[in-house]
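All values below come from the heavy atoms of this structure, side chains included, with hydrogens, waters and symmetry mates left out.
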Amino acid sequence: MQLIIIEDEIPAMNRIKKMVLEIEPNTDIVATADSIESGVEAIQQNPKADLILMDIELADGQSFEIFNLVQVKCPVIFTTAYDEFALKAFKVNSIDYLLKPIEKTELQNAFNKYKTITQSSTIVSDINMQMQELLIGLKKPNANFKNRFLVKQGQKLISIAVDEIAYFFAQDKLCYLQTKSMNKYVIDYTLDELVGMLDPMQFFHLNRQTIASIDSIGSVHTYFNGKLKVDLKPVTSTEVFVSREKAAEFKEWLGK
């Protein structure tokens, strides 16, 4: 089996490689990638790949964008930190997934499912069409989007409505919620987990450090190499950039 792995975290990449070779020693890992751009290149250079292991959240955006840039002809197993409502979408569209952190038994089951599919007449014939269905499903309004977050301030618990939130940001291995009234709280979620909890019409994952609400976007400036510089409200302590690869998606979101 020829396998492509798309994962932007080095420890996770190494762990996946190790598990794959323990489960399927004859697997030929023909390419690895850590971004949308390198993922497209890996797929183009290996048209005979049998399977792709693909992380959803990459350094330069969601890996779904890959399907808009290159034809994917083989099955895909996603790795994801999405919560249950999004995982149901994957099931409906018959695409397997692994919830991070990946367990060896789950990876084994995913490979077994892959073998069953490819040895039968039910193999997916049009991955691109299936991905479009998945994208539409994930973007539909969903009752499971969070409306409030519970945070702690000293010994006090505070419930904060999503409408009060300007943005979320990661700093020093912690994740913070920043309100429009300039209050900051630590929250017990990672940014990857938050992506599946927030309405994508209201919030955008700008980069690996920031998820911003539409109301928090101040001015947007063109920058070097196709990047965009975003000024948020309230003002951030560090500059915020959107990658070249994600710029078009961000501008489309701003115009919705």
Side-chain angles (χ1 to χ4, degrees), residues 3-17 19-20 29-46 49 51-72 74-83 86-87 89-90 93 95-102 107 110 127-128 130-132 134-135 137-139 167-170 173 175 189-198 200 203-212 223 225-228 230 240-253:
L3 176 69
I4 296 172
I5 303 176
I6 302 176
E7 165 64 61
D8 68 336
E9 297 179 354
I10 294 176
M13 173 74 79
N14 292 336
R15 187 166 181 267
I16 291 171
K17 284 182 180 179
M19 285 193 293
V20 165
I29 302 175
V30 294
T32 61
D34 61 1
S35 65
I36 293 171
E37 184 177 357
S38 60
V40 169
E41 184 178 347
I43 293 168
Q44 289 175 331
Q45 293 180 354
N46 297 278
L51 179 66
I52 301 172
L53 271 172
M54 184 183 294
D55 186 16
I56 291 176
E57 289 296 327
L58 301 174
D60 53 352
Q62 292 188 341
S63 60
F64 298 136
E65 180 63 22
I66 290 173
F67 295 83
N68 294 325
L69 301 174
V70 66
Q71 186 177 14
V72 180
C74 64
V76 177
I77 296 173
F78 288 100
T79 60
T80 175
Y82 277 16
D83 64 0
L87 297 181
F90 287 106
N93 289 279
I95 297 175
D96 211 344
Y97 64 88
L98 299 173
L99 186 61
K100 288 185 172 181
I102 299 170
L107 183 58
I127 295 294
N128 282 315
Q130 195 171 61
M131 282 305 306
Q132 290 303 317
L134 174 59
L135 286 169
L138 288 177
K139 290 179 180 179
Y167 49 82
F168 301 88
F169 67 97
K173 299 183 179 180
C175 191
Y189 299 104
T190 66
L191 291 189
D192 281 352
E193 290 170 333
L194 288 169
V195 168
M197 300 176 181
L198 300 167
F203 288 87
F204 191 89
H205 199 175
L206 300 176
N207 53 44
R208 291 190 67 81
Q209 290 77 41
T210 315
I211 297 175
Y223 205 72
N225 298 323
K227 293 181 181 179
L228 298 175
V230 182
V240 177
F241 296 97
V242 175
S243 69
R244 177 186 63 187
E245 293 79 10
K246 209 168 185 178
E249 181 187 355
F250 177 58
K251 288 187 283 188
E252 180 184 355
W253 177 75

Yes or no on side chain to side chain contact (heavy atoms under 4.5 Å, CB included) for Val30 and Ile4, after CA distance, side-chain angles and deciding distance?
CA-CA 6 Å; Val30 294; Ile4 296 172; 3.8 Å; yes
For a side chain to side chain contact (heavy atoms under 4.5 Å, CB included) check, start with the C-alpha distance between Glu7 and Thr32, then their side-chain angles and the critical distance, and finish with the verdict.
CA-CA 8 Å; Glu7 165 64 61; Thr32 61; over 6 Å; no
Step by step, work out the side chain to side chain contact (heavy atoms under 4.5 Å, CB included) result for Val72 and Val70.
CA-CA 6 Å; Val72 180; Val70 66; 4.3 Å; yes
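For Arg208, the salt bridge (Lys or Arg N to Asp or Glu O under 4.0 Å) partners at least two apart in sequence or on another chain are Asp8, Glu9. With sequence neighbours excluded, no residue forms a side-chain hydrogen bond (donor to acceptor under 3.5 Å, both in side chains) with Ser63.
Using a 4.5 Å heavy-atom threshold, the side chains of Phe169 and Gln209 count as separate. A heavy-atom distance below 4.5 Å is found between the side chains of Ile29 and Lys17. By the 4.5 Å heavy-atom criterion applied to side chains, Val20 and Leu3 are counted as neighbours. Leu69 has its side chain within reach of Ile36: a pair of non-hydrogen atoms, C-beta onward, lies under 4.5 Å apart. Residues Leu228 and Phe250 meet the side-chain proximity criterion, which asks for heavy atoms closer than 4.5 Å. When side chains are defined from C-beta on, Phe168 counts as touching Leu198, because their heavy atoms get closer than 4.5 Å. Looking at heavy atoms from C-beta onward, Lys246 lies out of side-chain contact with Asp60 at the 4.5 angstrom threshold. Considering only heavy atoms from C-beta on, Val76 comes within 4.5 Å of Phe67 through its side chain.
In terms of heavy-atom proximity, Leu191 sits nearest to Ala170 at CD1-CB, 4.1 Å. Taking every heavy atom of both residues into account, Met197 and Glu193 meet most closely at CG-O, 3.4 Å. Cys175 approaches Leu194 most closely through the heavy-atom pair SG-CD1, 3.9 Å.
Interatomic distance, Leu53 CG to Leu98 CG, rounded to the nearest 0.5 Å: 7.0 Å. In this structure, Arg15 CZ and Ile102 CD1 are separated by 7.0 Å, a value rounded to the nearest 0.5 Å. Annotation: the span from Leu58 atom CG to Ser35 atom OG amounts to 7.0 Å, rounded to 0.5 Å. Note: Gln62 CD to Ile56 CD1 = 7.0 Å, rounded to the nearest 0.5 Å. Residue Phe204 holds its CZ atom at 10.5 Å from CD1 of Ile211, rounded to the nearest 0.5 Å. Summarising the geometry, atom CD1 belonging to Ile43 is positioned 9.5 Å from atom OG belonging to Ser38; distances are rounded to the nearest 0.5 Å.
Side-chain atoms of Gln45 never come within 3.5 Å of backbone atoms of Ala42 as a donor-acceptor pair (strictly under, hydrogens ignored). The closest donor-acceptor contact from the side chain of Trp253 to the backbone of Ala248 lies at 3.5 Å or more, if one exists at all. A donor-acceptor pair under 3.5 Å is formed between the side chain of Asn207 and the backbone N or O of Phe241. Between the Asn225 side chain and the Lys227 main chain, no donor and acceptor come within less than 3.5 Å of each other.
Of the candidates Ile66, Ile77, Ile6, Asn46, Ile52 forms a side-chain contact (heavy atoms from CB on, under 4.5 Å) with just one, namely Ile6.
Donor-acceptor pairing under 3.5 Å is recorded for the side chains of His205 and Glu57.
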